[in-house]
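Reviewing the structure listed below.
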Amino acid sequence: MSTPYPFTAIVGQDDLRLGLLLNAVSPAVGGVLVRGEKGTAKSTAVRALAALMPEVSVVPGCRFSCAPDTPDPACPDGPHEAGSGVSRAARTVELPVGASEDRLVGALDIERALAEGVKAFEPGLLADAHRGILYVDEVNLLHDHLVDLLLDAAAMGASYVEREGVSVRHAARFLLVGTMNPEEGELRPQLLDRFGLTVEVAASRETDLRVEVVRRRLAYDDDPAGFAAQWADEENALRARIVAARALLPHVRLGDGALRQIAATCAAFEVDGMRADIVMARTATALAAWAGRTDVLAEDVRQAALLALPHRRRRNPFDAPGLDEDKLDDTLEQNSGEDDDPDPDGPGGGGRPPEGDGPDTPPQGEGGDDDTPAQSVPEQGTEKEQEPVQGQSSRGGEQQPVRAGEPFRTKMLSVPGLGEGAAGRRSRARTEHGRTTGARRPQGALTKLHLAATVQAAAPHQRARGRSGRGLVVRRDDLRQAVREGHESNLVLFVVDASGSMAARQRMTAVKGAVLSLLLDAYQRRDKVGLITFRGKDAEVVLPPTSSVDAAAGRLEMLPTGGRTPVAAGLLKAHDVLRVERMRDPSRRPLLVVVTDGRATGGPEPVALAARAARLHEAEGTASVVVDCESGPVRLGLAASLAGELGGTAVTLDELRADSIAGLVKDVQGSRRAA
């Protein structure tokens with residue numbers, strides 16, 4: 001077994017180390033989510049923590065790590081009689097991103113359960129992690145159903161495996177640690193809330209610290225055992241401190257003054273529900289025990305807020321996490337109790353997280369209603385440029401970026417047909433989870449039994465198999481896998497018109513607000529997104545397809561406008577991007593969203609060229625929708641014509657709103673309807 005990097009040798013990252021240590025002292029805190037860029041010692045710190053965890057005593061031979069003094073009465077390997085056990089090191093179990101549900105929760109032998117009435121159960125990773133650490137690297141890339149199972153087990157302290165009325169339960173209490181790079185996509189807000197603490201990590205910009213990081217890492221790589229021996233005394237001291245803090249934890253007093261500060265802080269930052277209050281209370285208690293005190297002070301409450309609230313106060317997925325520390329200090333001061341230390345600047349045992357943005361509300365646009373008269377339109381197919389509008393730079397006809405309007409809830413746009421892509425919330429697909437639509441013979445291991453189909457397959461053979469009792473004689477060939485239909489995520493590729501015809505300030509504010517709303521919808525539906533803009537003479541891939549929807553929102557905010565309208569260039573660029581993405585991920589179906597008024601200009605026959613480019617997408621069956629941004633009393637309907645060439649649907653900005661009077665949800669058509 002390789003020698004882990006010593007926890008005490010990690011340079012800096014005070015918040016990261018403190019969050020992990022507090023969970024080691026009190027697993028009831030609820031785990032920690034570590035967010036940060038690549039190469040910031042996230043995984044190194046988690047793996048190093050395992051060496052500091054106290055040993056656990058287990059029942060000999062129990063696959064579920066039951067404690068010998070208080071064995072689990074429902075243990076599948078039980079019942080166990082209370083007695084002496086054997087000691088072993090606490091485990092660190094890693095959950096791979098591509099793990100199956102059976103690998104996580106365990107597998108039940110359905111054939112033996114039906115034919116013999118035997119609960120033959122193979123434990124999963126949750127059983128292995130009981131009384132240890134469960135580490136999920138890139139937790140934001142896990143399928144939603146796995147994350148739900150994982151966090152439910154963490155909240156209940158038990159794992160349940162249900163297979164057609166046959167169930168197995170076992171204890172599953174562990175320290176849950178997830179790491180993620182926000183650039184690769186976010187967790188859903190409700191899942192963020194299930195992690196007790198969150199910490200933000202980033203590489204230091206101080207030269208001396210970076211030099212020390214490299215020096216220590218090179219020394220460890222050259223001689224892991226020798227390097228670990230140099231830090232053995234510090235490791236032993238930290239391990240002893242964890243044991244002492246655990247012993248002190250039940251004696252820590254959480255006074256009414258501290259409780260009032262906790263409640264007032266959660267109310268001031270408008271967090272949802274009561275989980276934040278409970279987590280803050282547990283964290284403040286653990287901080288006091290870690291400091292060797294039996295009373296919770298104001299400094300503990302302050303530090304607990306900085307660790308437990310940043311990920312809970314977010315209202316918009318595109319807002320940066322963080323707390324307004326001045327507001328926090330004012331709240332604590334106004335609700336200081338007699339039994340608490342009123343000094344909010346006392347040592348908390350770790351560094352402070354970076355300061356956040358402050359206000360929760362999204363930025364307001366500079367006029368969201370698109371009621372401005374249309375600009376004069378040059379004759380189609382000519383080289384004539386638009387006249388500069390107010391606020392437009394004379395340099396190349398470019399206008400300074402305007403802010404997006406306030407986002408709104410959009411109508412559901414989906415890809416037609418039945419896909420088989422990654423689990424999500426947009427289009428219909430064959431999935432492991434969802435409503436049952438049929439049955440088939442299992443291909444590989446049976447995961448979801450279709451009971452009625454299995455009984456129907458076995459029934460005609462009962463006499464030939466010599467059935468004599470009440471039980472059904474079931475063979476492996478009789479088993480039927482349930483075919484289920486759920487929803488998949490898609491690749492939503494935005495092609496946004498940033499030309500001069502879109503440059504009216506109120507109009508572009510509304511357009512950006514609409515695209516931001518669609519991005520928010522893509523975030524909630526777990527889609528990948530890409531962003532292409534076209535203006536002047538060419539099109540540009542502003543953001544290649546990615547799971548980081550907030551990155552697309554940032555690029556959209558800085559989008560300038562001006563120049564000609566090369567619609568064909570935008571569609572051809574989109575065709576190239578989709579061709580590459582089909583090779584990378586053939587199961588993920590694309591949805592093309594073109595945001596334009598359709599007024600193609602620049603070059604010879606720009607309208608005809610745009611139509612030919614659109615027909616390339618139609619020939620490949622790409623689902624598409626055109627968001628028609630044309631406004632004013634005189635409308636040419638060019639965006640609708642473009643949608644026809646794409647074989648898709650056109651919607652106006654007003655129709656895009658879920659609460660508009662347009663009525664029904666618009667499903668995007670992948671090919672033109674037959675005449």
Side-chain angles (χ1 to χ4, degrees), residues 1 20 23-32 46-47 49-96 99-110 112-113 116-136 146 148-163 165-177 194 196 239 242-247 249-250 282 286:
M1 182 177 178
L20 292 173
N23 275 275
V25 171
S26 176
V29 166
V32 58
V46 176
R47 296 187 177 104
L49 179 67
L52 299 176
M53 299 290 284
E55 290 188 341
V56 295
S57 180
V58 299
V59 173
C62 178
R63 297 174 298 167
F64 301 87
S65 302
C66 281
D69 52 344
T70 55
D72 181 7
C75 176
D77 284 353
H80 305 299
E81 293 184 2
S84 61
V86 295
S87 295
R88 64 162 175 79
R91 294 172 179 162
T92 296
V93 177
E94 295 193 29
L95 173 60
S100 65
E101 180 179 338
D102 285 347
R103 184 72 185 99
L104 176 62
V105 301
L108 190 65
D109 192 327
I110 298 298
R112 292 188 64 191
E116 305 174 29
V118 176
K119 294 182 181 180
F121 182 69
E122 183 65 29
L125 296 177
L126 292 180
D128 293 341
H130 180 45
R131 304 175 67 197
I133 301 173
L134 183 61
Y135 171 45
V136 191
L146 289 181
D148 291 339
L149 290 170
L150 175 66
L151 296 180
D152 284 344
M156 296 185 296
S159 174
Y160 295 85
V161 182
E162 301 283 347
R163 292 290 188 273
V166 181
S167 64
V168 171
R169 174 208 170 276
H170 64 82
R173 291 183 295 275
F174 45 80
L175 167 55
L176 176 63
V177 182
R194 297 297 293 271
R239 187 179 298 109
I242 292 174
V243 173
R246 280 189 170 188
L249 186 65
R282 290 172 174 166

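Computed from heavy atoms alone, side chains included, the values below leave out hydrogens, waters and symmetry copies. Nothing here was measured: the structure is a model prediction, and the numbers come from that model.
- Side-chain atoms of Asn23 never come within 3.5 Å of backbone atoms of Leu175 as a donor-acceptor pair (strictly under, hydrogens ignored).
- At a threshold of 4.5 Å between non-hydrogen side-chain atoms, the residues Cys62 and Cys75 count as touching.
- Here the straight-line distance linking atom NE2 of His80 with atom CZ of Phe64 works out to 8.5 Å at 0.5 Å rounding.
- Using a 4.0 Å cut-off between charged nitrogen and carboxylate oxygen, Asp72 and Arg169 count as a salt-bridge pair.
- Rounding to the nearest 0.5 angstrom, the gap separating the CG atom in Leu95 from the CG atom in Leu150 is 6.5 Å.
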Steps toward side chain to side chain contact (heavy atoms under 4.5 Å, CB included) verdict (Val93, Ile133): CA-CA 6 Å; Val93 177; Ile133 301 173; over 6 Å; no

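- Between Leu149 and Leu104, the closest side-chain pair of non-hydrogen atoms falls below 4.5 Å.
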Ser65/Arg88 under side-chain hydrogen bond (donor to acceptor under 3.5 Å, both in side chains): CA gap, chis, key distance, verdict: CA-CA 10 Å; Ser65 302; Arg88 64 162 175 79; 2.6 Å; yes

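- Atoms CZ and OG, on Phe174 and Ser159 in that order, are 8.5 Å from each other to the nearest 0.5 Å.
- Between Met53 atom CE and Arg239 atom CZ the span is 11.5 Å, to the nearest 0.5 Å.
- Of all heavy-atom pairs spanning Thr92 and Ala50, the tightest one is OG1-CB, 2.7 Å.
- Across all their heavy atoms, Cys66 and Pro71 have their closest contact at CB-CA, 4.3 Å.
- When every heavy atom of Pro76 is checked against every heavy atom of Val168, the shortest pair comes out as CG-CG1, 3.6 Å.
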Derivation of the side chain to side chain contact (heavy atoms under 4.5 Å, CB included) call for Leu176 and Val136: CA-CA 8 Å; Leu176 176 63; Val136 191; 4.2 Å; yes

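- Between the side chain of Arg91 and the backbone N or O of Gly132, no donor-acceptor pair lies under 3.5 Å.
- Residue Leu20 holds its CG atom at 5.5 Å from CG of Leu49, rounded to the nearest 0.5 Å.
- Using a distance-only test at 3.5 Å, with no hydrogens or angles considered, no donor-acceptor pair links the side chain of Arg131 to the main chain of Val56.
- Ala24 approaches Pro27 most closely through the heavy-atom pair O-CD, 4.2 Å.
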Intermediate values then yes/no, side chain to side chain contact (heavy atoms under 4.5 Å, CB included), His130 and Arg173: CA-CA 5 Å; His130 180 45; Arg173 291 183 295 275; 3.7 Å; yes

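- Atom-to-atom distance recorded for Leu126:CG and Arg103:CZ is 10.0 Å, nearest 0.5 angstrom.
- Counting heavy atoms from C-beta on, the side chains of His170 and Arg63 never come closer than 4.5 Å.
- Shortest non-hydrogen contact noted between Ala129 and Leu134 is CB-CB, 3.9 Å.
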